[in-house]
Amino acid sequence: MRCGWCSKRRRLDNDKVIDKELLAPLVAAERFESPVSIRAVNFADLSEDVHEATLLCLWGNEAALATTAAAPFFRRLLAEEKLWRQFVCQEFPSHSSQQAGSSRNLYRTLHERQRCRTLKWKPVECSHRMGSREGSPGMFARHGLLFVFGGWSYGPVRDLHVGALTLPLRLSPVQITGQPPGPSTYEMKVTVLDDDAGIPGRKPESDDDTNRTVVEQEHVIRAVVSGGYQYGGYHGESDRYGLLEIRVSQTGEVRAEWARVGEMPERSNHSATFVTPR
């Protein structure tokens, strides 16, 4: 007998080894048709225990989608507390003893917290005039705006593009005034200095005398651009740094200038730049 699934099983091809008369009952059994017909069973006719066991084979968020996408009769089951208690025990066993309202609300809280600890890459539609860009451009976001600085595009470039953090992204170039810190580099490090109220969650400053909130006419963002390579092939580490000062007015106008330049030890491809407090 031949078996296409198991190579270790003996292959018996010789008719002398297996008598055809021995195989006759097997052939007859294959041709036998049972007169008994099996009636189709509707899933909705099964017991509630079967429905619950089926839902518990899913993740809780998948089961919630089944209420609208697959079977509306699941809504009654998912409205019960015991099912969500089981979801919490299965997916978050270390939090199963917490009693923070209903089990469904607890599951929703734990699920959203878990999603915040995961990353999912997706392509983002974007329009810009940067062309092909590599060499690790510096990117950061402040005050609802995305900033992209420098990189490699047929050579090192030192330009700044900005756009609102909305989809699709639309980045526009911003002219940088002032004296730049030496030749252009790529693989430089861009370190944002959070000096003003641009930090999320930071309270606005107030006047101590009048106890009134100070309304800023514009946002000031300071970033240090340090090191990098000056030549292709990762050669010529730079020993220069520059303090880039970006101002965003209340109308959304963005201006940028080199506020200060200086020297530093030659460095590139470093993970971070430490800037001492003022």
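Being a predicted model, the structure only gives us computed values, none of them experimental. Just so it is clear, the values below take in all heavy atoms, side chains as well, and ignore hydrogens, waters and symmetry mates.
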Inset, instruction - Identify the two heavy atoms, one from Pro156 and one from Gln230, that lie closest to each other, and give their separation to 0.1 Å. - result: CG-O, 3.8 Å
Legend entry - side-chain contact (heavy atoms from CB on, under 4.5 Å) assessment of Glu80 paired with Glu48: CA-CA 12 Å; Glu80 299 181 4; Glu48 184 175 299; 4.1 Å; yes
Legend entry - Ion pair Arg247/Glu253, N-O distance below 4.0 Å: no
Inset, instruction - Kindly say whether the aromatic ring centers of Phe92 and Tyr107 come within a distance under 6.0 Å. - result: yes
Legend entry - Geometric class of the Phe147/Phe140 ring pair [parallel <30°, tilted 30-60°, perpendicular >60°]: parallel
Legend entry - Polar side chain donor-acceptor pair, Glu263 to Tyr241, under 3.5 angstrom: no
Inset, instruction - Flag the pair Ser102 / Glu81 as yes when at least one side-chain heavy-atom distance between them is below 4.5 Å, and no otherwise. - result: yes
Inset, instruction - May I ask you to decide if Trp59's main-chain N or O and Glu62's side chain share a donor-acceptor pair within less than 3.5 Å? - result: yes
Inset, instruction - Using modelled atom types only, decide if a donor and an acceptor are shared between the side chain of His128 and the backbone of Met130 within a distance under 3.5 Å. - result: yes
Inset, instruction - State whether Glu245 and Arg260 are salt-bridged, where the test is any N-O pair (Lys NZ or Arg NE/NH1/NH2 against Asp/Glu carboxylate O) under 4.0 Å. - result: no
Legend entry - Sub-4.5 Å side-chain heavy-atom contact between Glu266 and Ser238: no
Legend entry - salt_bridge(Arg129, Asp159) N-O dist < 4.0 Å: no
Legend entry - Candidate list Leu160, Val220, Leu145, test side-chain contact (heavy atoms from CB on, under 4.5 Å), partner Ile246, passing option: Leu160
